[in-house]
*Asks:* 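One structure follows; several queries about it will come next.
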Amino acid sequence: MGDVGQVEVRLPDGTQRRVPAGTPAGEVLRDWAPPEVAEGYLAALVDGVPVDLSSRIDRDVSLAPLSFADRAGRDILQHSAAHLVAKALVETIPEAKPTHGPPTEDGFYYDFEVRPILPEDIEAVRAGIARSVAAREPFVRREVSRAEAESLFAQNPHKLRYISETPAGATISVYETGSFVDLCRGPHVPDTHWLEGAHVLGFSGLEREGDAAARPLQRIRGVAFPTRPELDRFLKLRTEAEARDHRTIGARQELFLFVDDAPGFPFFLPKGMILVRELEKFVTEHLAKSGYAEVRTPMLFAQSVYETSGHWSHYRENMFLSAEGDRLFGWKPMNCPGSMLIFRSRSRSYRELPLRLAEFAPLHRLEASGTLHGLTRVRELVQDDAHLFVTEDQIEREILVLVDWIREAFTTFRLEWTYELSTRPASFLGDPAVWDKAEATLEKILKDSGVPYRVSPGEGAFYGPKIDIHIRDSLGRPWQTGTIQLDYQLPARFGLEYQGADGQLHMPIVIHRTILGSWERFLGVVIEHCAGRFPPWIAPVQVRVLPIADRHAEAAGGLADELRASGIRVEIAAPEESIAKRVRTAEVDRIPYVLVLGDKEAAEGTVSVRVRGSKESTTRSRAEFLAYALDRIRRREFDP
RNA sequence: GCCGCCAUAGCUCAGUCGGUAGAGCGGCUGAUUUGUAAUCAGCAGGUCGGGAGUUCGAUCCUCUCUGGCGGCUCCA
């Protein structure tokens, strides 16, 4: 140990410094780092624990800076912004009772018990934030006694509850920002000037779980960046992303349709149907290579089937029901019961396993009205669904094959995906020991395959654990697409058996799996991902032929026929408008290839090729273009 | 389903401080036959989401239903 009153600080580069006890962490870091770097430090890590820069060092520690680039630093900025929102709301509506305001994956929110928030309140909150930022108010930490905390927040039952939940002996701290005091563990950025890039995105009411009598909470959501230009960049990206909304593009390109009298039930228009069929072909090719058989099972089953499957007790509120005489039928929300009944329809041998039954059938789910969202959340959908009946030692191989297929499918669309392993929920069927085993199997596979994943405890289906695939839409909203679910329950409930090599009867395990998820949701995300500029292989119209004048009609027709004969989807835009207008329209319609045909081309047997997104055109022989386009389509290239 | 907001022509939107409505794009017709992101002119198209109430009179105010949007919850 050093002199009395000196402490030793270890810094991230391995150097050590001796400083007077009580030196603020921020001061040590400012001395250590170049000024332009230290400027970006918003908090510190002391022995791995996040603290304020003003926090004083009173013992030997390791010290590291936190900036926005660090996950923890980012969270601190979001959380500080949440405080500022609470301050501004309480200034606007003094009786508002703040509850909590955590950072999230994409920003932050703060929940309040307060009358319903109005748009003008949000304007006032934004103004209040701007005032605080301009005033550069410090975040001042104060540690208080339990009694003082209770008296400070005597009017706020939520804060009193948090205080009562704090273990005896634990530090209780509050942060003061101007006149606003909030119960908070911290840490925070040094002052409100750090929040010049904070922005309120919206507000909404919340349903309070398990307490119908309680007043609903109001949530204000926002996001924060360290500087105003970074916020502006984010807002600009967001505006651009709105233009990629699949609902807008779907209407503009006449892909699909919704009508008021069929909420959540999509119509696929001719061009949208081509997208669906191309996806189906893509998936079907994989199924053929991987040993699947396709089946079709009934759309409706009597109640008793769902009682067997467990849907009646676990999923009935999401099912459409139909009465026939005194029997009640349910529209199938999933394909599993049908596949179970096929398996059970005769005796099965181990030689048949793995038995892979695929089914692309419309499913109906009575989703709550407020959750419907274009194609990404609908009430009628078709999944690229299959059920694999396997033995325990076949599980790993089957899932590895699926992981390969996932890689192929998503990279074809240049989509980035993540995995989530969901484990036993509160409401579940079966034996916890069997669950543990299934979860361990899945986790082992994920580990062995080297694919990054996260675990969500308690998020599994009622019949088994699952691996979900997530992708994001143009606004960064995450959507679940594929899912691989291990099921030890349905085979037991349906009494499935096969005769093993040992002559004994055994129960198969079922793997439910869908990879793209549903055509509907997957298309919604793909539309946004490519902003309606579909890869040529899936594009509803692949080629548009533009004859310069009427005298080129015959040549244009011949060219179109030639392309069609090779399976290319082609349209002709007759010379009712200028060539410039038709080129523009083709570009707006996102057609991959535009072929212009005039005197020169007709005479030479060539075409002028304009590839989507390119400002130039090139002249090629017809055969050359055809070979080029067919090759890119066959290889399912992303770009034309 | 819950909280808030919204609903005017096929689409995007303007408008009426209560006296039944306009534009651009798209559509149709005609002229133009065009060389790589918008040729010109004309025409058609709306019981202002449905119902009820207030009013001499409602697209406008009130209530309600339906649908949508942003979240919550849930999920492919």
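Residue numbering restarts at 1 for every chain, and letters A, B, ... go by the order of the sequence lines. These figures come from a predicted structure and were not determined experimentally.
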*Asks:* If you only use heavy atoms from C-beta on, which nucleotide in B:U34, B:G67, B:G1 is closest to the side chain of A:Ala368?
*Replies:* B:G1
*Asks:* Between A:Gln383 and A:Asp261, just flag the one whose closest nucleotide in RNA chain B comes earlier from the 5' side.
*Replies:* A:Asp261
*Asks:* If you check the A:Arg551 side chain, which of B:U33, B:A76, B:A38 turns out closest?
*Replies:* B:U33
*Asks:* Using atom P in both nucleotides, what's the gap between B:U47 and B:G51 to the nearest angstrom?
*Replies:*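 Looking at atom P only, B:U47 and B:G51 are 12 Å apart.
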*Asks:* For B:A14 and B:G24, measure between their C1' atoms and round to the nearest Å.
*Replies:* 11 Å
*Asks:* Round to the nearest Å and state the distance from A:His246 atom NE2 to B:C69 atom C1'.
*Replies:* 13 Å
*Asks:* Looking at B:U33, does its base get a donor-acceptor pair with the side chain of A:Asp550 below 3.5 Å?
*Replies:*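 Indeed there is one.
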*Asks:* For A:Val378, answer base if it contacts any base atom (sugar-phosphate contacts may also be present), sugar-phosphate if it contacts only those atoms, and nothing otherwise; contact means non-hydrogen atoms under 4.0 Å.
*Replies:*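 Counting heavy atoms under 4.0 Å across all strands, the contact made by A:Val378 includes a base.
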*Asks:* Of all the choices, B:G68, B:A37, B:G35, which nucleotide is nearest to the side chain of A:Glu587 once you look at every atom?
*Replies:* B:A37
*Asks:* For the side chain of A:Arg582, starting at C-beta, report the closest nucleotide among B:G35, B:G70, B:U34.
*Replies:*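 The nucleotide sitting nearest to the side chain is B:U34.
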*Asks:* Taking atom C1' in both B:A58 and B:C69, what distance in whole Å separates the two?
*Replies:*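 Taking atom C1' in both B:A58 and B:C69, they lie 26 Å apart.
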*Asks:* From the options B:U36, B:C74, B:G68, select the nucleotide whose nearest atom is closest to the side chain of A:Thr371.
*Replies:* B:C74
*Asks:* Closest to the A:Gln480 side chain: B:U36, B:G67, B:A76?
*Replies:*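 Closest nucleotide to the A:Gln480 side chain: B:A76.
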*Asks:* Across all strands shown, which nucleotide pairs with B:U54 by Watson-Crick or G-U wobble geometry, both distances under 3.5 Å?
*Replies:*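 No nucleotide pairs with B:U54.
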*Asks:* Can you identify which nucleotide, out of B:U36, B:A76, B:G67, has its nearest atom closest to the A:Ser518 side chain?
*Replies:*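 That would be B:A76.
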*Asks:* Paired with B:C2 by Watson-Crick or G-U wobble geometry, both distances under 3.5 Å: which nucleotide is it?
*Replies:* B:G71
*Asks:* Roughly, in whole Å, what's the span from CZ in A:Arg316 to P in B:G1?
*Replies:* 19 Å
*Asks:* Is it the case that the base of B:G35 and the side chain of A:Glu601 share a donor-acceptor contact (distance under 3.5 Å, atom types as modelled)?
*Replies:* yes
*Asks:* Does B:C28 pair with anything, Watson-Crick or G-U wobble, both distances under 3.5 Å, and if so, with which nucleotide?
*Replies:*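 Its partner is B:G42.
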*Asks:* B:C75 base to A:Arg365 side chain: any donor-acceptor pair below 3.5 Å?
*Replies:*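 Under the 3.5 Å cut-off, the side chain and the base do not form any donor-acceptor pair.
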*Asks:* Expressed in angstrom and rounded to an integer, what is the separation of A:Lys581 atom NZ from B:U34 atom P?
*Replies:* 18 Å
*Asks:* Please measure how far the P atom in B:G53 lies from the corresponding atom in B:G45, and state the result in whole Å.
*Replies:* 31 Å
*Asks:* Indicate yes or no: does A:Arg632 engage A:Asp639 in a salt bridge with an N to O separation below 4.0 Å.
*Replies:* no
*Asks:* Should the ring pair A:His364 and A:Trp331 be called parallel, tilted or perpendicular, given that the plane angle runs from 0 to 90° and is split at 30 and 60?
*Replies:* perpendicular
*Asks:* Rounded to the nearest Å, what distance is computed from the CZ atom of residue A:Arg252 to the C1' atom of nucleotide B:C13?
*Replies:* 17 Å
*Asks:* Using the rule side-chain contact (heavy atoms from CB on, under 4.5 Å), only one of A:Leu415, A:Leu516, A:Leu279 pairs with A:Val526; which is it?
*Replies:*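 One option only clears the test, and that one is A:Leu415.
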*Asks:* Is it the case that the side chain of A:Asn335 and the backbone of A:Asp385 share a donor-acceptor pair, with hydrogens and angles ignored and the cut-off at 3.5 Å?
*Replies:* no
*Asks:* Hey, is the main chain of A:Ile511 close enough, under 3.5 Å, to the side chain of A:Asp487 for a donor-acceptor pair?
*Replies:*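 Between the backbone of A:Ile511 and the side chain of A:Asp487 there is no qualifying donor-acceptor contact (under 3.5 Å).
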*Asks:* Tell me whether A:Lys97 contacts the main-chain N or O of A:Val114 through its side chain, where contact means a donor paired with an acceptor under 3.5 Å.
*Replies:* no
*Asks:* Look at the side chain of A:Arg377 and the base of B:C74, then say whether one donor and one acceptor between them are separated by less than 3.5 Å.
*Replies:* yes
*Asks:* Categorize A:Ser369 for me: base, sugar-phosphate, or nothing, with a 4.0 angstrom heavy-atom threshold over every strand shown.
*Replies:*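 Touches a base.
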